Amino acid sequence: MKIGIYGAPYSGKTTIFKLLVGEINDPIGVAKIRDKRVDFLSKLYDPKKTTYATIEFVDIPGSSPDLPRKEKNQILGKIQNVDALLWVVRAFEDEAVPRYFDDVGREIEYLHDELLIRDLDIAETNIDKLKNAKRKLTREEEHQLQALEKCEDALNEEKFVKLIELSDEEKRTLSSFGFFTMKESIVAINLDEESFRNKSYGGKEKVKKIVDNNSLAMIDMCGKLEMEINELEEDERSEFLSDLGLTESGIDRLAKVVYSALGLISFFTVGEDEVRAWTIRKGTNFKKAAGKIHTDIERGFIRAEVVKFSDMEEIGSMKEIKSKGLLKLEGKDSIVEDGDIVNVRFNV
Ligand SMILES: Nc1nc2c(ncn2[C@@H]2O[C@H](COP(=O)(O)OP(=O)(O)OP(=O)(O)O)[C@@H](O)[C@H]2O)c(=O)[nH]1
Ligand SMILES: [Mg+2]
C-alpha cells in the first residue's frame with residue numbers, strides 16, 4: 001500500500017511525512033502502523049520478532065498556482081502510481097511560515113481543481129490518440145475509448161472518476177492511466193493548536209462541501225502538536241492527549257482513517273518466532289490472504305485455523321481457546337475478518 005502526500009507549499013506535508021516515517025532524508029518512507037492488538041499478542045507470545053503492518057508514504061514538493069503547468073505535472077508525476085492520496089491542507093496560522101492562499105477554502109479548492117484538470121488532460125489526450133489512430137482500433141482499444149469518454153464527461157462536470165459507476169472491465173482498461181481522481185483521497189486539515197482545540201477555522205464550510213461532494217475521507221490534525229507528542233514518553237503522551245480530549249495521537253488516528261477509507265483490515269500470525277500484522281483489503285478470502293505470507297502457502301493451502309483477537313484478549317491462552325472450541329477451521333473461500341489470528345495449514 002502506497003500513499004502520496006499532496007498539497008500546496010508550506011502546508012506541513014514534510015512535517016507529517018516525517019512524523020509518519022521518521023527522520024529520513026528520502027521522499028519515500030515506510031510508516032509502522034501502531035496497533036495495540038499487536039502489542040498485546042507480542043506480550044503474550046514473547047516472540048523473537050514483532051512486525052507491525054506498514055504503509056509506504058511518498059512526500060512531494062508543494063503545488064502552487066504560480067508554477068507552470070509542466071512543473072505542476074512533474075510534481076504530480078512523482079505520485080502517479082500510488083494507491084491513494086493524502087492531501088495536507090494548510091490551516092495553521094504562523095507568520096513565520098509563508099502562505100499561498102489567504103483562505104483554507106481557496107486552498108482546498110485549488111487542490112481539488114488541479115486533480116480534475118490533470119485527469120481531464122489525460123482523458124482528452126488519450127481520446128485524441130485513439131480517435132486519430134490511422135487504423136482500425138482493437139476491441140480492447142474500443143472499450144478503452146468508451147471508458148475514457150465516460151471519464152471525460154464526468155470530469156467536465158467536475159465529478160471525480162471514482163464516483164462514476166464503472167464495471168470491473170472498465171476499471172481494468174482505465175488502470176494504466178493513473179487517474180488521480182480515481183484514487184481514494186484522505187484530506188488532512190493541518191490546524192494550529194487554537195483552531196484544533198476549538199474545532200473551528202475559516203473556510204471550514206468549503207472544505208466540508210468538497211469533502212462531501214467527492215466522498216473524501218477527512219481528519220483534523222495539528223502537525224506542531226504531533227511533533228511535541230512524538231517527543232514524549234508513553235505515559236506523558238496519554239496525559240498530554242487526554243488534556244486535548246483525545247485518546248490517540250493524530251498519526252494513530254490518521255492510520256485508522258487510512259485503513260477505513262481504503263477498506264483495509266489486519267489479520268495476525270502468532271508464534272514464538274514472530275508475531276506479525278498483515279494488511280489486506282476487506283473481502284479477501286483466506287487462500288488469497290495466505291498468499292500475502294508466502295506464495296507457496298497460498299498454492300498449498302489446505303485450511304486456516306482461526307481465532308478471534310477478542311477471544312484471545314479475553315482468554316489469553318491458545319490451549320484454553322481450543323478447549324472451549326473457539327478455534328474455527330476455515331476453507332479457502334471464507335472471508336478473513338479484521339483481527340483474525342490465522343494459522344494456515346498447507347502442503348508444498
Ligand atoms: N505553526 C506551525 N508550523 C508548522 C506546522 N506544520 C508545519 N509547520 C512549519 O511549517 C514549515 C513548512 O512545513 P513543511 O512540513 O516543510 O511543509 P511542506 O508542505 O513540506 O512544504 P513544501 O515541501 O515546501 O511544499 C516548517 O517550518 C514547519 O516547521 C503546524 O502545524 N504549525
Ligand atoms: Mg516538503
Side-chain angles (χ1 to χ4, degrees), residues 2-31 56-79 82 84-115 118 180 185-204 207 218-232 237 240-241 243-246 248-254 257:
K2 213 170 175 181
I3 298 186
I5 302 185
Y6 167 59
Y10 304 118
S11 59
K13 296 182 298 302
T14 303
T15 302
I16 289 177
F17 172 75
K18 289 192 169 173
L19 282 163
L20 286 159
V21 306
E23 275 295 329
I24 59 167
N25 282 318
D26 196 58
I28 302 179
V30 174
E56 198 171 37
F57 285 88
V58 187
D59 186 29
I60 59 169
S63 171
S64 67
D66 49 313
L67 290 177
R69 165 77 22 216
K70 201 170 155 212
E71 225 167 294
K72 288 182 185 172
N73 285 352
Q74 270 167 1
I75 291 174
L76 280 175
K78 294 177 198 291
I79 47 170
V82 298
L85 302 179
L86 174 64
W87 307 13
V88 177
V89 181
R90 162 77 178 260
F92 64 85
E93 298 286 350
D94 188 339
E95 276 177 11
V97 184
R99 182 163 196 168
Y100 275 74
F101 297 88
D102 45 19
D103 176 87
V104 182
R106 294 235 355 246
E107 180 161 329
I108 193 168
E109 199 167 37
Y110 167 76
L111 297 176
H112 164 267
D113 292 352
E114 278 304 307
L115 297 187
R118 164 80 166 156
F180 285 105
S185 277
I186 297 132
V187 177
I189 307 295
N190 192 13
L191 298 152
D192 50 53
E193 192 170 335
E194 199 189 322
S195 45
F196 185 72
R197 281 180 188 275
N198 299 338
K199 297 187 170 63
S200 85
Y201 53 91
K204 193 171 176 177
V207 169
M218 183 169 70
I219 178 168
D220 286 345
M221 296 195 48
C222 177
K224 202 160 183 196
L225 271 179
E226 288 300 321
M227 281 192 275
E228 291 168 22
I229 292 170
N230 212 32
E231 317 261 285
L232 299 174
R237 186 179 292 188
F240 192 103
L241 287 168
D243 178 51
L244 286 162
L246 299 170
E248 288 177 300
S249 75
I251 294 304
D252 291 348
R253 282 187 297 124
L254 176 60
V257 173

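Every number for a ligand or one of its atoms is a count from 1 in the order of the listing. Predicted, not measured: the structure shown is a model, and the values here were computed from it.
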Of all the atoms in ligand 1, which lie at a distance below 4.0 Å from a heavy atom belonging to K13? 15 (O), 17 (O), 18 (P), 19 (O), 20 (O), 21 (O), 22 (P), 25 (O)
Counting only protein N, O or S atoms and ignoring waters, those under 2.8 Å from the Mg ion (ligand 2) are T14 OG1
Working for side chain to side chain contact (heavy atoms under 4.5 Å, CB included), residues V89 and V187: CA-CA 7 Å; V89 181; V187 177; 3.9 Å; yes
Closest heavy-atom pair and its distance - Y201, S195: CB-CB, 4.3 Å
Looking at every heavy atom in both E107 and S11, which two are closest together, and how far apart are they? OE2-CB, 3.9 Å
Grab the two heavy atoms, one from I60 and one from K78, that are nearest each other, plus how far apart they are. CG2-CB, 3.6 Å
Nearest non-hydrogen contact with atom 24 (O) of ligand 1 belongs to which option: F92, Y10, F17? Y10
Which ligand 1 atoms does G223 reach within 4.0 Å, using its non-hydrogen atoms? 31 (O)
Would a distance-only check, ignoring hydrogens and angles, find a side-chain to backbone donor-acceptor pair under 3.5 Å from R253 to D220? yes
Contact atoms of ligand 1, heavy-atom distance to D94 under 4.0 Å: 1 (N), 2 (C), 3 (N)
D59 versus ligand 1: do any nitrogen or oxygen atoms come within less than 3.5 Å of each other? no
For ligand 1, which atoms sit closer than 4.0 Å to a heavy atom of N190? 6 (N), 31 (O)
Which ligand 1 atoms are under 4.0 Å away from a heavy-atom of T14? 15 (O), 16 (O), 18 (P), 20 (O), 23 (O)
Which heavy atom of F57 sits nearest a heavy atom of L86, and at what distance? CE2-CD2, 4.3 Å
For I229 and S249, the nearest pair of non-hydrogen atoms, with its separation, is CG2-CB, 4.2 Å
When you compare ligand 1 with E93, is there at least one nitrogen or oxygen pair between them that comes in under 3.5 angstrom? no
I79 vs F180, test: side chain to side chain contact (heavy atoms under 4.5 Å, CB included). Steps then yes/no. CA-CA 9 Å; I79 47 170; F180 285 105; 4.0 Å; yes
Can you find a non-hydrogen atom of S11 under 4.0 Å from ligand 1? yes
Is a salt bridge present between E114 and R69, judged by a nitrogen-to-oxygen distance below 4.0 Å? yes
Should the ring pair W87 and Y6 be called parallel, tilted or perpendicular, given that the plane angle runs from 0 to 90° and is split at 30 and 60? perpendicular
From CA spacing to verdict: side chain to side chain contact (heavy atoms under 4.5 Å, CB included), L76, L115: CA-CA 9 Å; L76 280 175; L115 297 187; 4.1 Å; yes
Polar proximity ligand 1 side, G12 side, N/O cut 3.5 Å exclusive: yes
Taking the six-membered ring of F92, is NZ or CZ of R90 closer than 6.0 Å to its centre and within 45° of its axis? yes
Is the contact between V97 and ligand 1 made by the side chain, the backbone, both, or neither, using heavy atoms and a 4.0 Å cut-off? side chain
How far is atom 15 (O) of ligand 1 from its nearest protein heavy atom, and which residue and atom is that? T15 OG1, 2.5 Å
How far apart are the closest heavy atoms of K13 and D59, and which atoms are they? CB-OD1, 3.7 Å
D243/R197 ion pair, N-O < 4.0 Å: yes
Under 4.0 Å from atom 26 (C) of ligand 1, do we find at least one protein heavy atom? no
Can you sort out which atoms of ligand 1 are near P9, meaning under 4.0 Å from one of its heavy atoms? 25 (O)
Mark up the atoms of ligand 1 that fall under 4.0 Å of a heavy atom belonging to G62, in ascending order. 25 (O)
How far is atom 31 (O) of ligand 1 from its nearest protein heavy atom, and which residue and atom name does that atom have? K224 N, 3.1 Å
